[in-house]
Amino acid sequence: MPAQDDEEQGQVFVDESDIIHEVDVDEEDLPDADDEDDTENIEDPDDSIHIFTGHTGELYAVACSPTDPVLVATGGGDDKGFLWKIGHADWASELQGHTDSVSSLAFSSDGQLLASGGFDGLVKVWDTFGNFKRTLEGPGGGIEWIRWHPKGHLILSGSEDCTAWMWNADNGNCLNVFSGHGAIVTCGDFTPDGKTICTGSEDATLRIWNPRSGESIHVVRGHPYHTEGLTCLSISSDSTLVITGSKDGSVHIVNITTGKVVSSCSSQTGSTDGNPESIECVSFAPKCNSSKMSSARPLKGVHPEVCLVGFPWAVFGGMDQNLTIWDLQNSSPRFMCNHEEGVTCLAWLGASKFLATGCCDGRICIWNCLSGECIETFKGHEHAIQSLAVSSNLEFLVSVSMDGTARVFEIRDFLNIYKELSPKCIAFMAASVPSD
């Protein structure tokens with residue numbers, strides 16, 4: 001075809017003499033103009049409604065205020081803690097002063113104070129605006145966990161130096177040091193009545209203490225108890241029983257008064273090398289005890305399938321990828337709830353039949369403990385969930401992850417039955433949840 005000037009070219013046509021080779025093309029193989037590289041960037045959906053990204057490292061700890069439904073504290077491997085508010089992207093207060101990872105966080109039961117513990121061996125106390133109050137010193141190793149007394153401003157913590165410490169948070173005075181464990185004190189708590197302390201250790205023992213005298217009342221060890229280090233514990237709402245989990249894949253329940261093992265259960269599966277998989281989290285089912293409320297019994301609006309009154313259950317999860325719902329009366333599993341990867345943490349959604357589990361794959365599963373069914377899976381995190389917390393109004397579930405973010409998920413749809421209840425009942429149910 002002869003060449004023409006651009007001004008005169010107009011439309012250009014191709015005739016058969018210009019065809020060099022014909023190729024058959026299936027129209028289904030042709031890409032759409034809008035689909036160039038989208039298939040290479042497909043990501044899991046993010047179900048969260050709020051993401052906090054103030055940290056610059058892995059996150060290890062989260063706590064929700066028991067009185068302010070939007071106030072959250074988080075801490076992690078960047079040696080920092082933060083106070084921030086759900087739905088308030090412009091409000092955050094950095095908790096400065098730790099020189100190593102912030103490993104644990106806890107609000108006082110009245111919601112007035114926050115305590116942070118770090119691998120620097122320090123416990124720091126803050127008000128709810130993030131103002132520093134004081135440092136609690138003493139432990140010779142990193143802080144593993146922190147708990148507040150259920151009725152006052154007393155702080156209990158466990159340390160890498162094999163001891164547990166108790167301070168008065170209002171004046172910083174050390175009230176007692178609990179010595180006796182032969183390894184890291186990995187878990188512990190006050191009983192709900194505040195009269196006793198339970199601690200667990202890497203030395204495979206549980207110790208029961210008198211908080212006033214510092215005396216070790218019972219030491220639980222040897223057959224039929226754990227053979228490897230304890231990883232977690234939880235205390236029943238009536239302060240009579242403590243449940244413990246261990247690296248040996250077993251769970252035991254101990255009578256706090258006698259120090260005797262009263263029930264035991266083991267992980268149903270082991271690792272590929274035949275060794276047991278570690279138990280990472282345990283809890284008794286929370287109880288809605290109407291006798292503690294001023295309203296008349298029975299509570300109006302409490303559906304029997306929502307409130308856990310009368311259900312003697314415990315739950316535990318671990319690296320065997322299972323959540324076990326354990327019937328305490330029969331000492332047998334009620335349900336085995338399977339996950340795709342290991343279970344690292346759990347949280348009850350108030351005093352309800354619903355339980356959340358956090359997993360190594362970054363997903364959060366919501367379980368109906370009456371049926372053993374997973375009714376929801378929340379996605380958004382890219383790496384393992386480290387801890388979970390529930391807001392005081394039971395509307396939000398907050399998670400922290402090794403991916404460096406904290407995410408907030410709505411859970412009010414699971415608890416619509418609570419809309420029929422009085423605000424006092426809702427507040428009590430939120431406060432009934434045992435510590436992780």
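Side-chain N or O atoms of Asp403 include one that pairs as donor or acceptor with a backbone N or O of Glu382 at under 3.5 Å. In this structure, the side chain of Ser108 does not engage the main chain of His153 through any donor-acceptor pair within 3.5 Å. Distance alone, capped at 3.5 Å, places no donor-acceptor pair between the Ser278 side chain and the Glu280 backbone. Between the side chain of Thr344 and the main chain of Ile385, a donor-acceptor pair closer than 3.5 Å is present. Between the side chain of Ser179 and the main chain of Thr163, no donor-acceptor pair closer than 3.5 Å is present. Checking side-chain atoms of Ser93 against main-chain N and O of Phe129 turns up a donor-acceptor pair under 3.5 Å. A donor-acceptor pair under 3.5 Å is absent between the side-chain atoms of Trp348 and the main chain of Ala356, judged by distance alone. Thr56 places no side-chain N or O within 3.5 Å of a backbone atom of Asp78 that could act as its donor or acceptor partner. Under a 3.5 Å cut-off, the side chain of Ser159 and the backbone N or O of Ile143 do not form any donor-acceptor pair. For Ser401 (side chain) and His383 (main-chain N/O), a donor-acceptor pair under 3.5 Å exists by modelled atom type.
To the nearest 0.5 Å, atoms CD1 (Ile279) and CD (Glu228) are separated by 11.5 Å. Atom CD1 in Ile366 sits 8.5 Å away from atom OG1 in Thr377 (nearest 0.5 Å). To the nearest 0.5 Å, atom OG1 of residue Thr186 and atom NE2 of residue His181 are 8.0 Å apart. Leu328 contributes atom CG, which lies 9.5 Å from atom OG of Ser332 (distance to the nearest 0.5 angstrom). With rounding to the nearest 0.5 Å, the separation of SG in Cys198 from CD1 in Ile256 is 4.0 Å. Note: Leu323 CG to Met336 CE = 9.0 Å, rounded to the nearest 0.5 Å.
Counting only residues at least two apart or in different chains, salt bridge (Lys or Arg N to Asp or Glu O under 4.0 Å) contacts with residues 389-398 comprise Glu395-Arg412. Within the structure, ring-ring contact (aromatic ring centres under 6.0 Å, His included) pairs that include any residue of residues 88-111 do not occur (at least two apart or interchain). Residue pairs that meet the salt bridge (Lys or Arg N to Asp or Glu O under 4.0 Å) test with at least one member in residues 104-127, sequence neighbours left out, do not exist here. Evaluation of the ring-ring contact (aromatic ring centres under 6.0 Å, His included) test over residues 184-208, restricted to residues two or more places apart or in two chains, returns His149-Phe190.
Between Ile243 and Ala314, the shortest heavy-atom contact is CD1-CB, 3.7 Å. A pairwise comparison of heavy atoms in Asn255 and Val262 identifies CB-CG1, 4.0 Å as the closest pair. The minimum heavy-atom distance linking Ser236 with Pro192 is given by the pair O-CG, 3.4 Å. Across all non-hydrogen atoms, the minimal contact from Phe178 to Asn210 is CE2-O, 3.8 Å. Shown here for Ile146 and Ser116, the closest heavy-atom pair between the two residues is CD1-C, 3.4 Å. Here the closest heavy-atom approach between residue Asp79 and residue Thr99 is recorded as OD2-O, 3.6 Å.
With respect to His252, the ring pair (Phe, Tyr, Trp, His ring centres under 6.0 Å) criterion is satisfied by exactly one of Trp326, Tyr225, Phe316: Tyr225. The side-chain hydrogen bond (donor to acceptor under 3.5 Å, both in side chains) test with His226 is passed by exactly one of Thr231, Thr244, Thr205, Asp203: Thr244. With respect to Trp167, the side-chain contact (heavy atoms from CB on, under 4.5 Å) criterion is satisfied by exactly one of Leu156, Leu154, Val123: Val123.
Every salt bridge (charged side-chain N to carboxylate O under 4.0 Å, His left out) that Lys247 has, sequence neighbours left out, goes to Glu202. In this structure, the side chain to side chain contact (heavy atoms under 4.5 Å, CB included) partners of Phe52, at least two apart in sequence or on a different chain, are His55, Thr74, Phe82, Trp84, Ala92, Ala406. Under the rule for a side chain to side chain contact (heavy atoms under 4.5 Å, CB included), the partners of Ile51 that lie at least two apart in sequence or sit in another chain are Asp46, Ser48, Thr53, Thr405, Arg407. Take Glu94 and apply the salt bridge (charged side-chain N to carboxylate O under 4.0 Å, His left out) test, not counting sequence neighbours, and it matches Lys80. Residues that satisfy the ring-ring contact (aromatic ring centres under 6.0 Å, His included) test with Phe409, not counting sequence neighbours, are Phe378. Ser103 pairs by the side-chain hydrogen bond (donor to acceptor under 3.5 Å, both in side chains) definition with nothing, not counting sequence neighbours. In this structure, the salt bridge (charged side-chain N to carboxylate O under 4.0 Å, His left out) partners of Arg363, at least two apart in sequence or on a different chain, are Asp44. Listed by chain and number, the residues in a ring-ring contact (aromatic ring centres under 6.0 Å, His included) with Trp145 amount to none (sequence neighbours excluded).
No hydrogens or angles considered: a donor-acceptor pair under 3.5 Å links the side chains of Ser399 and His381. With hydrogens and angles left out, the side-chain atoms of Asp248 and Ser250 include a donor and acceptor closer than 3.5 Å. Using modelled atom types, one finds a donor on one side chain and an acceptor on the other under 3.5 Å when comparing Thr199 with Trp209.
Between His339 and Trp367, the distance from one ring center to the other falls under 6.0 angstrom.
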>> Before you tell me yes or no, could you show the steps for Thr128 and Thr67 under side-chain contact (heavy atoms from CB on, under 4.5 Å), namely the whole-Å CA-CA distance, both residues' side-chain angles and the distance that decides it to 0.1 Å?
In response: CA-CA 11 Å; Thr128 53; Thr67 55; over 6 Å; no
> Hey, mind stepping through Ile197 and Asp189 against side-chain contact (heavy atoms from CB on, under 4.5 Å) and telling me if it holds?
Replying inline: CA-CA 6 Å; Ile197 288 171; Asp189 206 348; over 6 Å; no
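Using a 4.5 Å cut-off on side-chain heavy atoms (C-beta onward), Ile411 and Val390 make contact. Side-chain contact between Asp193 and Asp238: absent, with no pair of heavy atoms (C-beta onward) separated by less than 4.5 Å. Within the 4.5 Å cutoff, side-chain heavy atoms of Val72 are placed close to those of Ile86. Inter-residue side-chain proximity for Ser201 and Leu230 is flagged as unmet; no heavy-atom pair is nearer than 4.5 Å. No side-chain heavy atom of Ser109 sits less than 4.5 Å from a side-chain heavy atom of Trp148. The closest side-chain heavy-atom distance from Leu206 to Val254 is below 4.5 Å. At a threshold of 4.5 Å between non-hydrogen side-chain atoms, the residues Val343 and Asn322 do not count as touching. Side-chain atoms of Leu83 and Leu71, non-hydrogen and from C-beta on, do get closer than 4.5 Å to each other.
Within 6.0 Å of NZ in Lys133 there are 12 or fewer heavy atoms belonging to other residues, nucleotides or ligands.
Using a cut-off of 4.0 Å between Lys/Arg side-chain N and Asp/Glu carboxylate O, Asp47 and Lys379 are scored as not salt-bridged.
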